[in-house]
2 protein chains.
Amino acid sequence: MRVVIARCSVDYEGALVAHLPLATRLLMVKADGSVLIHSDGGSYKPLNWMAPPCKMVELEPDDEEREQGVASVWLVQHAKREDHLRIRLHEVISDSSHDLGIDPGLIKDGVEAQLQALLAEHIATLGDGYTLLRREYATAIGPVDILCKDAAGATVAVEIKRRGDIDGVEQLTRYLELLNRDPHLAPVQGVFAAQVIKPQARVLATDRGIRCVTLDYEALRGQDDTTSRLF
Amino acid sequence: MRVVIARCSVDYEGALVAHLPLATRLLMVKADGSVLIHSDGGSYKPLNWMAPPCKMVELEPDDEEREQGVASVWLVQHAKREDHLRIRLHEVISDSSHDLGIDPGLIKDGVEAQLQALLAEHIATLGDGYTLLRREYATAIGPVDILCKDAAGATVAVEIKRRGDIDGVEQLTRYLELLNRDPHLAPVQGVFAAQVIKPQARVLATDRGIRCVTLDYEALRGQDDTTSRLF
DNA sequence: AGTTGCATTTCGCCT
DNA sequence: AGGCGAAGTGCAACT
């Protein structure tokens, strides 16, 4: 990895056209050739970048550029698309390279799959007498997260999201529409379960007769035995 | 901005739990206190990070850590949430700081707003005799991108996307449902306009009587006068 | 390889 | 500030 601190201006042309005026920034050139341009703020997203596969060539500035104080020009061209990044370096403050090797990568725990597993394990969270039929119940338009039965024996389809958005309600609605055509299952009730449910999503769900349940990840996890933890 | 190259392991605990095994990586500490951990690959997304507002403190390793070769521990705590990042540095290969100043920021051109403006300006792209009623026509469930009339005087609602996905069709369907309840507007036809329309979205739209139109950004722009360009 | 769905999304607009 | 939609989204899992 090469890390350069430099006063530079940047022009990107591809899916959109974008320009960065002259300022001091950090340029990161990764082993795969990708380039990131970071400022001293914002979040993890760079001001501008070029995704791999791409190739960087260092050019001599032309007369006009040289007159404006450009010391060197980096042209980063995407290998497959008509995307390129032109970085005009006016002053290089620091330039160093390090061999990082390949990274073992991130180990995660606690996303939607985990929520689904926990809720399946403690399906009574939805109500007394609820029993699990299946996780990832396959349908023609995709898998239903959880299929279960309520105390009265009626089928219930559960859609789980970390954030309950309107999209999730639409998805569940499509599942319910399909499931209710199956005489073996119908009538099927819907439950929209998420850690946070957006007001609009709640309104839409309620309007369609879908019950909303907010999930408490920590509480679900607390009920769980602690032997199967990663850490 | 502080840039450190170090052999380190990382543990994150917050919305999820994640771990990075010992390896050589780039650590970026920005002026706002945020921390990014980059490997030599992937795209612009770091392996792990802490978003601002947050605070970093450097701790002495405890006995167990010291025994495992930990030279220093960085604890990055989010200011508002129960999120923290623990970086255990085993070997610091490089450590440097630079004053970057505030960045003037990115100047963009060519996204959905641009498409909407261009299509509104050249609404006849949808058909001869089409006339614009309104852009961003407000409804209870959100703004309709473009409302116009066809040659016969019938109302047409247009939803514009860069990429025409199934979600966009659902969105337009909801608008049409609502607009068609208004006797002043009904019957309202739907047009789904995008630079690229996914096959599934096209099938769903057609099934619902919604016309699909693919937009040629360059062609629309070509029709446009060239006086109002940014570059 | 193309497609689908999620994300510690981030970002910007608007209420 | 909070909600909502878009992103040059990235990323992994699945067909």
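Only a predicted model underlies this, so the values are computations on that prediction, with no experimental measurement involved. By convention in this document, chain letters (A, B, ...) are assigned in the order of the sequence lines, proteins followed by strands, and residues within each chain are numbered from 1.
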Engineer: Using whole Å, report how far CZ of A:R163 lies from C1' of D:dG3.
Structural biologist: 11 Å

Engineer: Check the distance between D:dC11's P and B:W49's CH2 and give it to me in whole angstrom.
Structural biologist: 10 Å

Engineer: Rounded to whole Å, how long is the line connecting atom CD1 of B:I160 with atom C1' of D:dA7?
Structural biologist: 17 Å

Engineer: Using the side-chain heavy atoms of B:A51, tell me which of these nucleotides is nearest: D:dA6, C:dT10, C:dC6.
Structural biologist: C:dT10

Engineer: Please report the distance, rounded to the nearest Å, between CG in B:L16 and C1' in D:dA12.
Structural biologist: 15 Å

Engineer: Does a salt bridge link A:E177 with A:R208, judged by any charged N lying under 4.0 Å from a carboxylate O?
Structural biologist: no

Engineer: Give the nucleotide from the list C:dT10, D:dA6, D:dC11 with an atom nearest to the side chain of B:S43.
Structural biologist: D:dC11

Engineer: Without decimals, in angstroms, what is the distance between B:Y44 OH and C:dT10 C1'?
Structural biologist: 8 Å

Engineer: For B:M50 and for A:K45, locate the closest nucleotide of DNA chain C by heavy-atom distance; then report the residue assigned to the nucleotide nearer the 5' terminus.
Structural biologist: B:M50

Engineer: Check whether A:Q77 reaches the backbone of A:R81 with its side chain - one donor and one acceptor, N or O, closer than 3.5 Å.
Structural biologist: yes

Engineer: How long is the line joining OH of B:Y175 and C1' of D:dG5, in whole Å?
Structural biologist: 9 Å

Engineer: Could you state the CD-C1' distance from B:E170 to D:dC4, rounded to the nearest angstrom?
Structural biologist: 17 Å

Engineer: For B:G41 and A:H78, find the nucleotide of DNA chain D closest to each by heavy atoms; which residue's nucleotide sits nearer the 5' end?
Structural biologist: A:H78

Engineer: When the nearest nucleotide of DNA chain D is assigned to A:R81 and to A:D165 on a heavy-atom basis, which residue is associated with the more 5' position?
Structural biologist: A:D165

Engineer: Is it true that A:E13 and A:R86 have a side-chain N and a carboxylate O under 4.0 angstrom from each other?
Structural biologist: no

Engineer: Hey, is the side chain of A:Q200 poking within less than 4.0 Å of OP1 or OP2 on D:dC4, counting only N and O atoms?
Structural biologist: yes

Engineer: Is A:R135 salt-bridged to A:D145, cutoff N-O under 4.0 Å?
Structural biologist: no

Engineer: Ignoring hydrogens and geometry, is there a side-chain-to-backbone donor-acceptor pair from A:K30 to B:S39 under 3.5 Å?
Structural biologist: yes

Engineer: Using whole Å, what does the distance between atom P of nucleotide D:dA7 and atom CG of B:L106 come to?
Structural biologist: 14 Å

